Amino acid sequence: GVEVGPQPQGVARADVLDKMRKIVRHGLDFVQLFNEGKEFPPCTIEVFKIMEKVDYPRNKNGEIIAIIHPKLQDQDWQPLKNGDPLFLTLDGEVIPYQGNCTVYPTFINEAAYYEKKQAFVKTEKIKLTAKHFRLSVS
């Protein structure tokens, strides 16, 4: 499956549709070249590995008591360092990120995840290396 976004539920965006088409086209091109026996050289790519889902701060009754800080809003895949603003309470208090490493939040403040108690997903940037490969024709 391919998920391209973010985009609000029920909204069709031309830019997101274009990105999805490009990704699917690249995937199909790869399959065709692989099936034709093309050898692919070794490569290394950066990816984001999910670490954990982070909920909104809540009170003892389970009610949200803070919102995503304006400096974090719309900053998916951008580095978040220890001390950076994370949440803003309804009283105006800033709740900073407290972590021992830089993380890359995504799905920040997505409406579809409120019911799942998810303010964002914390990811780490890692490198994956693939050896050369090609279809073995017998």
Side-chain angles (χ1 to χ4, degrees):
V2 176
E3 181 178 344
V4 182
Q7 70 179 13
Q9 296 172 333
V11 174
R13 289 183 44 158
D15 61 330
V16 175
L17 179 61
D18 184 55
K19 288 177 186 178
M20 184 273 306
R21 285 182 173 150
K22 286 178 182 175
I23 290 170
V24 170
R25 198 172 307 121
H26 285 303
L28 292 173
D29 289 346
F30 169 81
V31 170
Q32 180 176 348
L33 291 170
F34 179 79
N35 287 340
E36 292 172 355
K38 176 174 174 61
E39 183 170 343
F40 292 89
C43 66
T44 300
I45 61 169
E46 288 185 340
V47 299
F48 295 90
K49 180 180 175 186
I50 293 175
M51 299 169 69
E52 67 178 307
K53 296 174 184 176
V54 178
D55 191 9
Y56 293 89
R58 296 178 183 269
N59 64 19
K60 63 182 179 198
N61 296 325
E63 299 163 330
I64 294 174
I65 59 168
I67 58 176
I68 295 293
H69 193 280
K71 290 186 178 179
L72 181 59
Q73 184 64 51
D74 301 320
Q75 297 301 307
D76 295 80
W77 312 113
Q78 299 304 310
L80 180 66
K81 301 177 194 109
N82 188 44
D84 286 349
L86 189 57
F87 295 106
L88 184 63
T89 68
L90 302 178
D91 295 333
E93 179 186 340
V94 174
I95 300 173
Y97 170 64
Q98 297 177 351
N100 55 5
C101 66
T102 298
V103 296
Y104 299 82
T106 189
F107 303 115
I108 300 168
N109 202 25
E110 291 281 338
Y113 297 119
Y114 270 70
E115 66 187 39
K116 296 179 181 181
K117 297 184 176 182
Q118 179 180 311
F120 63 92
V121 173
K122 196 170 16 170
T123 70
E124 63 180 327
K125 190 186 295 190
I126 62 171
K127 289 185 180 186
L128 296 179
T129 301
K131 298 178 182 178
H132 78 279
F133 65 95
R134 66 184 242 174
L135 178 66
S136 298
V137 181
S138 308

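Since we're looking at a predicted model, the values are computed, not measured.
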Evaluate the side-chain proximity of Leu86 to His69: yes if any heavy-atom separation is below 4.5 Å, no if none is.
no
Rounded to the nearest 0.5 Å, the CD1 atom of Ile108 sits from the CG atom of Asp74 at a distance of 8.0 Å
Minimal heavy-atom distance between Pro79 and Asp84, with the atoms involved, is O-OD2, 4.2 Å
With a 6.0 Å cut-off (strictly less than), is the heavy-atom count around CD of Glu115, excluding the residue itself, greater than 12?
no
If you apply the rule side-chain contact (heavy atoms from CB on, under 4.5 Å), what do you find for Ile65 with Thr89, and how did you get there?
CA-CA 6 Å; Ile65 59 168; Thr89 68; 5.7 Å; no
Shortest non-hydrogen pair, Ala66 vs Pro57, comes out as CB-CG, 3.8 Å
Under 4.5 Å between side-chain heavy atoms, counting indirect links through other Ile/Leu/Val/Met/Phe/Trp/Tyr residues: same cluster for Ile23 and Leu28 or not?
yes
Intermediate values then yes/no, side-chain contact (heavy atoms from CB on, under 4.5 Å), Gln75 and Lys71:
CA-CA 8 Å; Gln75 297 301 307; Lys71 290 186 178 179; over 6 Å; no
Quick one: pull up CD1 in Ile126 and CE in Met51 and give me the separation to the nearest 0.5 Å.
11.0 Å
List the steps, then state whether side-chain contact (heavy atoms from CB on, under 4.5 Å) holds for Lys117 with Arg58.
CA-CA 10 Å; Lys117 297 184 176 182; Arg58 296 178 183 269; 3.4 Å; yes
When you measure from the side chain of Asn61 to the backbone of Glu63, do you find a donor-acceptor pair of N or O atoms at a distance under 3.5 Å?
no
Thr106 side chain vs Val121 backbone, donor-acceptor pair below 3.5 Å:
no
His132 versus Pro42: any side-chain heavy-atom pair under 4.5 Å?
yes
Is the distance between the ring centroids of Tyr56 and Tyr114 under 6.0 Å?
yes
Separation between CZ of Phe40 and CZ of Arg134, rounded to the nearest 0.5 Å:
11.0 Å
Indicate yes or no: does Lys22 engage Asp18 in a salt bridge with an N to O separation below 4.0 Å.
yes
Hey, quick one: are Tyr113 and Leu80 part of the same hydrophobic cluster, counting side-chain heavy atoms closer than 4.5 Å, chains of contacts allowed?
no
Would you say Leu88 ends up clustered with Ile95 if hydrophobic residues are merged whenever their side chains have heavy atoms under 4.5 Å apart, either directly or through other cluster members?
no
Nearest atoms (heavy-atom pairs only) where Pro85 meets Leu72:
O-CB, 4.1 Å
Ile50, CD1: over 12 other non-hydrogen atoms inside 6.0 angstrom
no
Straight-line distance of Asp55 CG to Phe120 CZ, nearest 0.5 Å:
10.0 Å
Verify the cluster assignment for Phe87 and Val94: are they in a single hydrophobic cluster under the rule of side-chain heavy atoms below 4.5 Å apart?
no
CD1 on Ile45 to NZ on Lys127, rounded to 0.5 Å:
11.5 Å
In Å and rounded to the nearest 0.5 Å, what is the CG to CG distance from Asn109 to Asp76?
9.5 Å
What verdict does the side-chain contact (heavy atoms from CB on, under 4.5 Å) test give for Phe48 and Lys125, after you've listed the backbone C-alpha separation in whole Å, the side-chain angles of each residue and the deciding distance to 0.1 Å?
CA-CA 5 Å; Phe48 295 90; Lys125 190 186 295 190; 3.9 Å; yes
Check the surroundings of atom CG in Asn100: do more than 12 heavy atoms from other residues, nucleotides or ligands lie under 6.0 Å from it?
no
